[in-house]
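Quick notes on the structure that follows.
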Amino acid sequence: MLVDDYLNHLDVQRKLSPHTINGYKRDLAELSKFSNLITTSIDKLTHTDIRKLASKLHAKGLHARSIGRKLSTWRGFFHYLSEQNLVASNPVHGVKPPKSVRTLPKALSVDDAIRLVATPSPAPSEKFAKKTMQLCNQAMFELLYSSGLRVSELVSLDVRYIKEATYVSQGWINYEAREVIVKGKGNKMRNIPLGKAALSAIQVWLEIRKPTIKKTNENAHTQFALFLNERGHRMSSRVVQLRLKAHAQTLGIPANVHPHVLRHCFASHLLQSSGDLRAVQEMLGHSAITSTQIYTSLDFMRLSQVYDATHPRAKRK
């Protein structure tokens with residue numbers, strides 16, 4: 001009951017996305033399961049209990065970042081209970097996740113990134129489907145690399161801004177201004193310049209997009225979606241992931257390529273050329289500069305590799 005009330009609070013009062021609320025629900029289900037295991041109600045859990053649960057998750061091999069996310073969820077839950085005068089104190093305060101080694105994002109070389117997005121993508125054998133999906137794929141891949149969008153932001157794009165009684169666009173293309181406008185994490189809107197190659201690929205795709213639309217009752221807003229699948233419905237994040245991975249494998253690019261790799265490429269390649277960390281932060285939609293600073297380490301690694309490979313006094317025997 002307490003968990004349900006909290007989830008309703010997140011939905012109605014804080015207006016979090018369904019995806020975020022589902023994540024909270026899973027983390028709180030684990031907390032409820034633990035409280036049942038030690039035969040106590042969830043609001044009776046102590047600081048020691050929370051530490052034991054965190055240690056148990058770590059012993060099972062759960063990543064430190066995942067444990068940290070769970071602790072954050074539980075901390076918010078008990079804070080809500082304390083505001084309702086249902087608990088005297090927050091048992092999660094002071095409980096920290098185990099330290100983890102921060103891994104650098106993996107980005108392709110500039111040549112591989114350009115080859116990935118500029119080369120036509122294989123598609124089904126049917127003539128019409130082959131042509132439409134090739135154009136759709138190329139427009140999506142070019143846009144990911146050109147703007148650094150998250151894949152969820154990419155598939156939420158509409159062909160233009162739409163505002164109706166039951167529907168408001170979460171993202172769209174401003175063709176005159178040559179930019180993409182998108183609502184990212186935290187419901188923050190941001191404008192990102194659109195490169196010439198991406199804009200051209202999108203315009204070519206739009207010329208053939210309209211006949212693929214299926215106006216069905218199950219999704220009346222499909223007609224607004226910028227990117228469509230073979231069935232004429234809004235593209236899903238999963239389909240983009242599968243298509244990009246298959247495309248990279250076909251080209252022989254030796255990496256596990258997924259949409260976030262192109263986001264990393266966008267950030268690291270832009271930073272290498274401009275050195276403007278604040279601008280990259282704005283375009284990525286990072287709320288904190290520390291999230292963007294990781295790309296400075298990535299750039300230094302690249303420079304170190306070039307130095308080790310080319311400087312005559314750096315070579316090891």
Side-chain angles (χ1 to χ4, degrees), residues 1-106 150-152 184-187 236-238 241 245 255-256 258-261 263-264 284-295 297-298:
M1 183 63 180
L2 295 177
V3 171
D4 290 338
D5 290 344
Y6 179 58
L7 293 174
N8 184 64
H9 165 75
L10 297 179
D11 180 27
V12 177
Q13 299 297 324
R14 294 185 57 187
K15 299 187 183 302
L16 298 185
S17 71
H19 177 75
T20 301
I21 292 174
N22 284 335
Y24 276 66
K25 187 176 182 179
R26 288 191 296 270
D27 292 339
L28 290 170
E30 190 157 23
L31 189 65
S32 297
K33 182 179 178 181
F34 178 75
S35 67
N36 292 333
L37 188 66
I38 62 174
T39 62
T40 188
S41 60
I42 195 169
D43 58 319
K44 302 298 182 184
L45 291 172
T46 66
H47 180 81
T48 301
D49 293 331
I50 300 298
R51 289 180 63 89
K52 284 181 180 179
L53 179 53
S55 298
K56 183 178 180 181
L57 295 174
H58 183 51
K60 287 183 176 180
L62 190 65
H63 195 281
R65 186 177 299 175
S66 297
I67 297 175
R69 187 202 68 239
K70 290 179 184 296
L71 288 171
S72 178
T73 298
W74 302 339
R75 191 178 295 111
F77 170 65
F78 282 108
H79 178 71
Y80 168 79
L81 294 185
S82 66
E83 288 184 331
Q84 305 298 314
N85 295 319
L86 297 174
V87 295
S89 62
N90 193 326
V92 190
H93 278 324
V95 182
K96 297 181 179 180
K99 291 183 178 181
S100 61
V101 178
R102 192 174 188 185
T103 57
L104 292 173
K106 296 179 180 178
R150 300 176 178 92
V151 67
S152 58
K185 289 185 176 180
N187 290 327
S236 70
S237 297
R238 182 57 177 162
Q241 292 168 354
K245 183 175 182 178
N256 180 21
H258 48 82
H260 221 67
V261 168
R263 181 170 162 85
H264 295 325
L284 288 175
H286 286 161
S287 57
I289 193 68
T290 51
S291 299
T292 317
Q293 283 175 332
I294 190 171
Y295 293 103
S297 300
L298 183 67

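Sequential numbering from 1 along the given sequence is applied to the chain's residues.
With values rounded to the nearest 0.5 angstrom, Ile21 atom CD1 is found 11.5 Å from Leu28 atom CG. Rounded to the nearest 0.5 angstrom, Thr20 OG1 and Lys15 NZ are separated by 14.5 Å. Put simply, CG on Leu53 and CG on Leu31 are 6.5 Å apart, with the number rounded to the nearest 0.5 Å. One finds the CG atom of Leu37 at 8.5 Å from the NZ atom of Lys33 (value rounded to the nearest 0.5 Å). Distance check: Lys70 NZ to Arg75 CZ gives 14.0 Å after rounding to the nearest 0.5 Å. For the atom pair Ser35 OG and Asp43 CG, the distance stands at 9.0 Å (nearest 0.5 Å).
The environment of Arg150 atom CZ is dense: over 12 non-hydrogen atoms of other residues, nucleotides or ligands sit within 6.0 angstrom. Counting non-hydrogen atoms of neighbouring residues, nucleotides and ligands closer than 6.0 angstrom, the NE2 atom of His258 exceeds 12 such neighbours. Remark: His79 NE2 is loosely packed, at most 12 non-hydrogen atoms of other residues, nucleotides or ligands lying under 6.0 Å away.
In this structure, Thr48 and Lys52 have side chains that are in contact, with non-hydrogen atoms separated by less than 4.5 Å. The closest side-chain heavy-atom distance from Ser32 to Val3 is below 4.5 Å. Put simply, the side chain of Leu71 reaches to within 4.5 Å of the side chain of Ile50, judged on heavy atoms. Put simply, the side chain of Leu10 does not reach to within 4.5 Å of the side chain of Tyr80, judged on heavy atoms. At a threshold of 4.5 Å between non-hydrogen side-chain atoms, the residues Ile67 and Leu57 count as touching. Taking 4.5 Å as the limit, every side-chain heavy atom of His260 sits out of range of all side-chain heavy atoms of Val151. Contact annotation: the side chain of Leu45 never approaches that of Val87 to less than 4.5 Å [non-hydrogen atoms, C-beta and beyond]. Looking only at side-chain heavy atoms (C-beta outward), Glu30 and Thr73 stay at 4.5 Å or farther from each other.
Contact record, Ala64 with Pro98: CB-O, 3.1 Å, taken as the closest heavy-atom pair. Across Ser237 and Ser152, no two heavy atoms sit closer than the pair OG-CA, 3.9 Å.
In this structure a side-chain-to-backbone donor-acceptor pair under 3.5 Å is present from Asp49 to Thr46. Judged by distance alone, the side chain of Asn8 and the main-chain N or O of Asp4 form no donor-acceptor pair under 3.5 Å. Side-chain N or O atoms of Trp74 include none that pairs as donor or acceptor with a backbone N or O of Pro91 at under 3.5 Å.
Ring geometry for Tyr6 against Phe77 counts as perpendicular: the plane angle is over 60°, on a 0 to 90° scale with 30° as the lower cut.
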